[in-house]
Amino acid sequence: MDRILIRGGRPLDGEIAIGGAKNAALPLLAAGLLTEQPLVLSNVPRLADIATMRALIAQHGVGVAPLDDDGRTLAIGGAIRCTEAPYDIVRKMRASVLVLGPLVARAGEARVSLPGGCAIGPRPIDLHLKGLEQMGAVIRLEGGYVHASAPHGLHGAAIVLPMPSVGATENLLMAASLADGQTVIANAAREPEISDLAECLVAMGGRIGGIGTDRLTVEGVRRLHGATHAVIPDRIETGTYACAAAITGGTLHLRHARRDHLDAVLRVLAEAGVEVLEGDGGLTVRRLNGLRGTDAMTEPYPGFPTDMQAQLMALMAVAEGAAMITETIFENRFMHVPELNRLGARVNVHGASAIVRGVPTLSGAPVMATDLRASVSLVLAGLAARGETVVNRVYHLDRGYEAVEQKLAACGADIERLAG
């Protein structure tokens with residue numbers, strides 16, 4: 001397995017281009033199953049998870065063709081020739097379950113492997129299945145697969161989600177676009193990636209009201225058509241590199257970054273002593289007069305995102321004073337704590353909260369990545385640490401960050417990838 005070697009202690013200075021949002025591109029690729037006509041997506045990031053979803057779409061017989069040399073513009077479209085999403089593909093990425101709604105809506109059936117376990121806690125798909133059942137799908141669980149059928153098509157329904165699940169909202173939104181009649185999804189998740197999906201569906205001929213709110217109203221149509229859509233910039237990548245500027249005491253301009261998708265993160269960073277200025281097609285981030293310990297609690301959007309929790313913890317590890325970080329979305333999402341402590345951080349976990357007592361400096365050490373966001377938090381800590389840090393199992397990192405070592409090295413980091 002590849003490793004990343006970091007010789008820390010260098011302030012970052014320069015510009016980083018923020019890529020397309022992974023968590024927006026994945027459901028958008030699945031939306032390509034809703035029509036035979038081409039859906040052209042631009043600003044698609046080049047990530048391991050995107051490659052997995054492309055392979056899954058192709059498994060269904062639908063074409064996924066690059067329209068440019070670097071594969072950031074893709075055309076999805078064609079007849080569905082297979083309605084099975086096999087275990088060998090689905091086990092690699094939980095977002096694979098997003099093909100379930102589109103397959104049932106357009107082809108009338110689907111056989112999708114149940115997603116495998118997850119290092120940051122169980123994430124069941126029962127809300128996806130209950131919503132589809134309300135829309136007329138017949139669901140059976142057998143042999144580790146979800147069998148869903150709607151031979152006479154799906155129909156509209158009033159669906160109230162007990163919690164604002166991002167995946168369930170996306171799956172049901174896509175399915176409702178081709179259902180007969182009106183579907184209302186109440187307590188829907190409000191993440192920008194869901195609004196991006198909804199805007200794309202509207203461009204394809206969908207009729208969706210309440211975009212950006214927790215109540216989505218979908219008037220189903222008989223068929224959707226092709227469209228062209230640009231994936232929004234990745235707000236988590238933006239927040240991650242903002243923390244990189246702050247933890248190293250440097251200044252970074254994050255090109256293409258959008259402030260309106262990061263309000264909660266930027267509020268916390270401001271309290272911690274980090275300045276973020278908007279202009280020149282992005283955001284400029286720098287630390288002011290030292291970092292201050294600042295509390296945060298993860299919440300559904302527009303609250304502080306769980307996907308930024310580990311990065312904030314790395315930042316708080318070198319802040320003055322103490323910070324309490326509370327995780328309310330996923331259990332087991334503090335697995336980076338022992339690894340941060342190996343670098344000299346002082347973090348103690350008490351139930352769903354972690355108390356971080358800042359230290360003057362971290363010291364390099366070998367560490368092990370356990371999941372996507374944990375891995376990048378260790379990279380951030382390594383950038384600030386004295387000496388050499390080696391981050392092992394960086395395949396997690398490749399799922400959600402494109403060319404991270406090249407982007408950081410171009411801004412002055414002493415960082416390199418070591419082949420496994």
Which pairs with one or both residues in [range] pass salt bridge (charged side-chain N to carboxylate O under 4.0 Å, His left out), sequence neighbours excluded?
range	answer
residues 185-204	Glu193-Arg235
residues 51-80	Asp70-Arg72, Arg72-Glu402
residues 40-53	Lys22-Asp49, Asp49-Arg399

Measure across [X] and [Y] and return the closest heavy-atom pair with its distance rounded to 0.1 Å.
X	Y	answer
Gly205	Val221	O-CG1, 3.8 Å
Thr238	Ala257	CG2-CB, 3.5 Å
Arg3	Ala419	NH2-O, 4.1 Å
Ala203	Ala227	O-CB, 3.6 Å
Val349	Phe334	CG1-CD1, 3.7 Å
Leu397	Ser375	CD1-OG, 3.4 Å

Partner set under side-chain hydrogen bond (donor to acceptor under 3.5 Å, both in side chains) for [X], not counting sequence neighbours:
X	result
Asn171	His128
Gln406	none
Asp414	Arg7

> Could you go step by step and tell me if Glu299 and Thr328 meet the side-chain hydrogen bond (donor to acceptor under 3.5 Å, both in side chains) rule?
Replying inline: CA-CA 6 Å; Glu299 296 175 302; Thr328 71; over 6 Å; no
Side chain proximity check, [X] to [Y], heavy atoms < 4.5 angstrom:
X	Y	value
Val218	Ser177	yes
Thr240	Met308	yes
Ile50	Leu26	yes
Val97	Val90	no
Ile194	Glu170	yes
Gln59	Cys82	yes
Arg373	Tyr401	yes
Cys200	Leu39	yes

What residues, two or more places apart in sequence or in another chain, satisfy salt bridge (Lys or Arg N to Asp or Glu O under 4.0 Å) together with [X]?
X	result
Asp2	Arg417
Arg258	Asp260
Glu271	none
Arg140	Glu142

> Can you list every pair that meets side chain to side chain donor-acceptor pair (under 3.5 Å) and has a residue in residues 200-226, with sequence neighbours left out?
Replying inline: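 Listed by first then second residue: Gln182-Glu219.
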> Does anything in residues 76-86 pair up under side chain to side chain donor-acceptor pair (under 3.5 Å), and if so which pairs, sequence neighbours excluded?
Replying inline: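 Qualifying pairs: Glu84-Arg111.
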Please report the interatomic distance [atom1]([X]) to [atom2]([Y]), rounded to the nearest 0.5 Å.
X	Y	atom1	atom2	result
Leu315	Ile325	CG	CD1	9.0 Å
Leu100	Met174	CG	CE	9.5 Å
Asp13	Arg286	CG	CZ	12.0 Å
Ser353	Met297	OG	CE	6.5 Å
Leu172	Leu216	CG	CG	10.0 Å
Ile139	Leu132	CD1	CG	5.5 Å

>> Tell me which one of Leu28, Leu74, Thr73 satisfies side chain to side chain contact (heavy atoms under 4.5 Å, CB included) with Val44.
In response: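 The residue from Leu28, Leu74, Thr73 that satisfies side chain to side chain contact (heavy atoms under 4.5 Å, CB included) with Val44 turns out to be Leu74.
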>> As a test of understanding, state which of Leu383, Leu340, Val318 forms a side chain to side chain contact (heavy atoms under 4.5 Å, CB included) with Leu362.
In response: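 One option only clears the test, and that one is Val318.
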> When you look at Leu56 and Thr52, which way does the side-chain contact (heavy atoms from CB on, under 4.5 Å) test go after all the steps?
Replying inline: CA-CA 6 Å; Leu56 183 56; Thr52 299; 5.8 Å; no
>> One pair to check against side-chain contact (heavy atoms from CB on, under 4.5 Å): Leu283 and Ile18. What are the steps and the verdict?
In response: CA-CA 10 Å; Leu283 302 175; Ile18 301 301; over 6 Å; no
>> Under 3.5 Å, is there a donor on one side chain and an acceptor on the other for His336 and Gln309?
In response: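 Distance-only check passes for His336 and Gln309.
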>> Run Cys243 and Leu269 through side-chain contact (heavy atoms from CB on, under 4.5 Å) and show every step you take.
In response: CA-CA 8 Å; Cys243 287; Leu269 290 180; 4.3 Å; yes
> Are Tyr145 and Val112 close enough, and set up right, to give a side-chain contact (heavy atoms from CB on, under 4.5 Å), and what steps lead you there?
Replying inline: CA-CA 5 Å; Tyr145 279 77; Val112 178; 5.7 Å; no
